[in-house]
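Reading through the structure tokens given below for one structure.
All values derive from a computational prediction rather than experimental measurement. Chain naming here is simple, since letters A, B, ... match the order of the sequence lines and numbering starts at 1 in each.
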Amino acid sequence: MPPMSYNPLLLLFLAAGLAAAPGRAAEGETWKIHPEDTVKRRTSEMEMYKCSDCHSETADFNPNERVLKDEHDDKRVHFGEEKGENEWCFSCHKQGNYNRLKRKSGKELGFNQSYVLCGACHGEAYRDWKLNIHGRRVGFWNGAGKIASCAECHDPHDPAFKAMKPEKPPAWPRGKKKRRTVQGNGE
Amino acid sequence: MANKKQPEKRLEEKVRNRLKTPVDRRVFLKRFLQGAALLAAGFPAKSEAFSWKDFFQKHYKEMTAEDKKRIFARIERETKKRLGVSVTLKDPPPLDGVEYAYCLNLSKCIGCRRCVYACVRENNTSRDPEIQYIKVLEMPKGSLDVEEGDIYYDAKKVPREGKFYMPVQCHQCTNPPCVKVCPVEATWREKDGIVVIDYDWCIGCRYCEAACPYEARRFNFATPALPPAEINPDQSYLSNRIRPRGVMEKCTFCLHRVREGRYPACLEACPTGSRKFGNILDPKSEVRRIIEEKRIFVFKEELKTHPRFYYFFD
Amino acid sequence: MKTYLEFWKGMIYQVLNGSRLYYAWVGSLLAVVLLGAFGYRQQFESGLIVTRMSDQVSWGAYIANFTYIVGLAAAAVMLTIPAYLYRRGEFKKITIIGELFAIAAIVMCLLFVTVDMGRPDRFWHIFPFIGRMNWPISMLSWDVIVLTGYLLLNLHIPGYLLYKKYLGEEPTRRYYLPFIFISIFWAISIHTVTAFLYSGLGGRPFWNSAILAPRFLASAFAVGPCFLLLAIGLIQRFTRYAVPDEAVRLLRNITAVTLVINLFLFGCEVFKEFYTDSSHSSSAKYLLIGLRGSHMLVPYIWTALLFNVAATLAFTNRKLNRQPVYIHTASVLAILGIWIEKGMGLIIPGFVPTPLGDIVEYTPSLVEIEVCAGIWAFGLLLFTLMLKAVIPIETGDLRVKRDTIEFPVRQPFGKI
């Protein structure tokens with residue numbers, strides 16, 4: 001066996017390991033709050049990943065804009081409508097390589113780096129997200145944290161944050177007058 | 001009828017005679033003391049062995065390391081006895097070069113109250129009577145006057161049209177009115193900015209509660225009641241241990257978590273990421289960046305309490 | 001030393017012997033005290049949850065009564081000032097009544113503070129050296145110092161003067177005169193410090209006003225003499241203690257002035273609140289006209305105002321104020337009116353609305369009423385017992401016997 005430090009096979013394994021490490025983006029991630037921060041992977045959350053399980057890369061899809069009726073009919077694209085730009089599937093999804101997303105320039109990126117794509121248009125939110133002013137980060141304020149990517153909270157096909165049912169209000173104090181109305185202070 | 005009158009008449013005579021005869025001093029004193037003894041018997045004896053050492057327990061700032069060990073062990077024992085739960089009591093010291101700040105994004109808060117209940121669970125506050133450190137005000141857009149706000153809002157979905165939501169908890173002021181007024185120094189500001197309470201020193205006068213402009217302080221009017229299954233066993237002396245009756249408590253920025261580098265429970269529960277926390281002395285921290293670059297404001301700034309809690313709109 | 005014990009024995013004998021009316025009065029007061037004690041037992045067992053105080057209204061009946069009674073304690077000075085600063089000799093005869101009144105009032109204050117504490121077993125934390133007193137920053141620490149000091153002053157001065165009188169000796173001026181002058185200024189300080197407790201809180205705009213301390217003093221100096229006038233009336237009726245009429249007249253005139261000042265300062269407060277009409281006036285609005293549908297205190301404050309105005313008119317009217325029946329009725333009205341104004345009319349509105357704009361109201365619970373009644377009864381009892389012991393010394397009926405130890409045969413309470 002040749003000495004370990006010069007074994008090319010080992011180097012290959014190392015390179016592969018580095019490439020597969022979680023949260024590494026195409027661009028250098030010097031923006032992280034802490035060097036050991038990880039961005040939560042999207043691919044484990046997506047119910048239909050991998051796309052290539054159903055869609056082969058060679059099949060050609062109807063490239064015309066339309067409302068999908070069979071599969072993926074829940075994926076209405078709800079942003080960009082007001083600008084009249086009518087974003088639709090292939091604005092972000094790479095035709096021909098359905099496991100990847102694509103930027104306006106055509107450059108491909110994986111689903112786990114989808115935040116780069118969001119940030120291409122939503123620059124302010126992206127900048128704030130990188131600084132942890134926008135978005136969620138749990139873990140340690142002086143150590144490693146887990147950062148939620150955009151799609152964790154904002155469905156890319158319907159990004160507006162959904163209203164939710166609040167937890168119950170505090171107990172009504174003994175000395176407080178009974179409400180007459182549901183809304184307002186009832187006073 | 002004559003029978004009925006007889007006992008009445010006898011009673012009348014008895015009373016009249018009683019009034020005529022001078023009161024025997026000895027009898028009077030005896031009866032009075034008997035009554036007092038009966039009264040004293042009604043006062044409950046201590047449920048556990050009384051110890052002068054515990055009665056004269058020192059202020060936290062005067063405790064030695066052995067004192068702390070002994071006292072923490074006693075508290076753990078008592079909790080086990082009273083509630084059947086084993087807890088660990090820690091005492092994390094403040095970190096050097098750290099002063100905590102909390103920023104809250106009012107454009108993002110939707111008023112879901114997840115923070116309120118995460119805090120209740122983390123800090124072992126009483127469920128009956130209910131004690132919650134965080135109050136979320138539903139405010140109408142266009143006003144910062146809290147009299148327009150509503151703490152008791154209930155809705156099918158939040159956020160509601162035309163409203164914004166403002167959670168209020170202890171602001172850990174740099175110039176705290178509560179610390180000023182405490183007659184026994186049971187509450188003080190630590191080096192890292194957290195205003196803490198020594199629950200075994202507080203006399204329960206509630207002056208601090210009257211002084212706080214943010215309604216942040218809570219009093220244990222009764223012995224806190226919480227289900228043993230929901231007790232958080234990672235406790236610390238100055239923050240989330242189960243308080244006795246008759247003392248004050250409040251938000252401590254989850255001292256037991258943040259001094260070990262973790263985030264407060266309310267921040268981790270927030271689904272919209274409106275809550276930001278960190279070290280204000282670190283120029284790279286997000287709280288510092290928010291203060292420097294966003295338009296933050298301080299609630300009731302005119303009172304010059306200089307809180308470490310900053311609100312901003314995005 | 002032996003004579004000092006005889007002095008006490010003589011006084012205790014006086015306390016334990018009296019007419020039927022005396023026993024009935026003492027007995028009923030004792031009954032109310034016991035009621036209060038049973039009420040406090042409930043509170044001791046279950047905690048302050050048996051009161052109707054809450055996080056939003058964290059001070060209630062106990063502190064309201066405490067605030068009122070500190071004022072009464074300070075009002076003893078209304079007799080000492082004319083006697084010693086203005087050298088009105090006729091007042092010297094009755095300063096003792098004021099000092100005993102002050103003792104009873106301070107004891108009541110200490111009791112009210114104790115029952116209000118969440119942890120009365122930790123009372124020792126507030127003492128310097130053995131505890132940790134946050135002096136000079138905390139106003140409550142000042143309050144502890146001035147109240148204790150005032151109690152000690154008012155125990156020493158009459159204690160010394162009475163003992164000297166019992167012995168039939170002339171008191172040495174330097175053992176009591178400096179203390180009397182100190183007590184005059186000290187009395188003003190106890191009530192000012194209590195006012196500072198409230199007026200220093202920036203988060204409570206209703207209290208955060210410079211006029212609060214003057215209002216406290218004005219109301220105290222109005223209502224204290226009313227109590228003293230009633231006490232003097234009873235003393236004149238039931239004992240042979242000769243209270244000079246000039247003293248009563250001057251006291252009445254002083255009270256008339258202080259009642260007017262009290263009304264004026266109240267008017268100043270009302271003007272500022274309602275003319276400015278800012279957010280800071282919400283508490284005053286709650287008190288006087290109701291706020292957002294909550295108006296529990298409105299009838300009480302207007303009744304109090306009515307009583308105060310009626311009392312002021314009676315005291316200042318030349319035709320009415322010569323007749324004891326009007327003066328005594330007016331005193332009762334002023335006592336009640338100022339009790340409402342200073343107690344529920346000052347403490348509760350400070351908490352409504354809360355700093356976060358919430359409105360939570362307060363009424364005392366049964367336990368609180370029992371405990372308050374018990375403490376008031378205790379104070380009245382203490383005052384009665386002290387007067388009963390002390391008046392014979394003042395009238396000359398209780399004196400030391402040099403050769404034999406003999407108790408006086410006749411009772412000084414001859415009018416019943």
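Of the atoms belonging to Cys103(B), not a single heavy atom falls under 4.5 Å from chain A. In this structure, chain A has no heavy atom under 4.5 Å from any part of Tyr165(B). Interface residue Tyr263(B): backbone and side-chain heavy atoms are both found under 4.5 Å from chain A. Both the backbone and the side chain of Glu268(B) come within less than 4.5 Å of a heavy atom of chain A.
Residues Ile133(A) and Arg289(B) have side chains in contact (heavy-atom distance under 4.5 Å, counting atoms from C-beta outward). Residues Glu286(B) and Trp141(A) fail the side-chain proximity criterion, which asks for heavy atoms closer than 4.5 Å. Between Lys108(B) and Phe161(A), the closest side-chain pair of non-hydrogen atoms is not below 4.5 Å. At least one side-chain heavy atom of Pro170(A) sits less than 4.5 Å from a side-chain heavy atom of Tyr152(B). Using a 4.5 Å heavy-atom threshold, the side chains of Asp128(A) and Asp314(B) count as touching.
Atom NZ of Lys40(A) is surrounded by 12 or fewer heavy atoms from other residues, nucleotides or ligands within 6.0 Å. Within 6.0 Å of atom CD in Glu124(A), 12 or fewer heavy atoms from other residues, nucleotides or ligands are found, so the atom counts as exposed in its surroundings. With a 6.0 Å radius and a threshold of 12 heavy atoms from other residues, nucleotides or ligands, Lys162(A) has its NZ atom above the threshold.
Taking CG of Asn142(A) as the start and CZ of Arg259(B) as the end, the distance is 13.5 Å to the nearest 0.5 Å. Distance check: His34(A) NE2 to Lys284(B) NZ gives 11.0 Å after rounding to the nearest 0.5 Å. Taking CZ from Phe140(A) and CZ from Arg257(B), the interatomic distance works out to 9.0 Å, rounded to the nearest 0.5 Å.
Scanning all heavy atoms of the two residues, the minimum distance from Lys165(A) to Arg114(B) falls at O-NH1, 3.3 Å. Minimum heavy-atom separation, Arg137(A) to Leu267(B): O-CD2, 3.7 Å. Here the closest non-hydrogen pair linking Pro271(B) and Cys153(A) is O-SG, 4.1 Å. Pairing each heavy atom of Arg136(A) with each of Thr272(B), the nearest pair is CG-C, 4.4 Å. Of all the heavy atoms in Ala155(B) and Pro166(A), the pair that sits closest is O-CD, 3.2 Å.
Most heavy-atom pairs under 4.5 Å with chain B: of the set His134(A), Lys168(A), Met164(A), this distinction falls to Met164(A). When the candidates Val116(B), Asp282(B), Val136(B), Val258(B) are compared by the number of heavy-atom contacts under 4.5 Å with chain A, Val258(B) comes out ahead. Interface remark: of the candidates Cys270(B), Pro140(B), Pro129(B), Ser285(B), Cys270(B) forms the most heavy-atom pairs closer than 4.5 Å to chain A. Most heavy-atom pairs under 4.5 Å with chain A, from the set Gly111(B), Gly278(B), Gly261(B): that is Gly261(B).
For Glu167(A) (side chain) and Cys112(B) (main-chain N/O), no donor-acceptor pair under 3.5 Å exists by modelled atom type.
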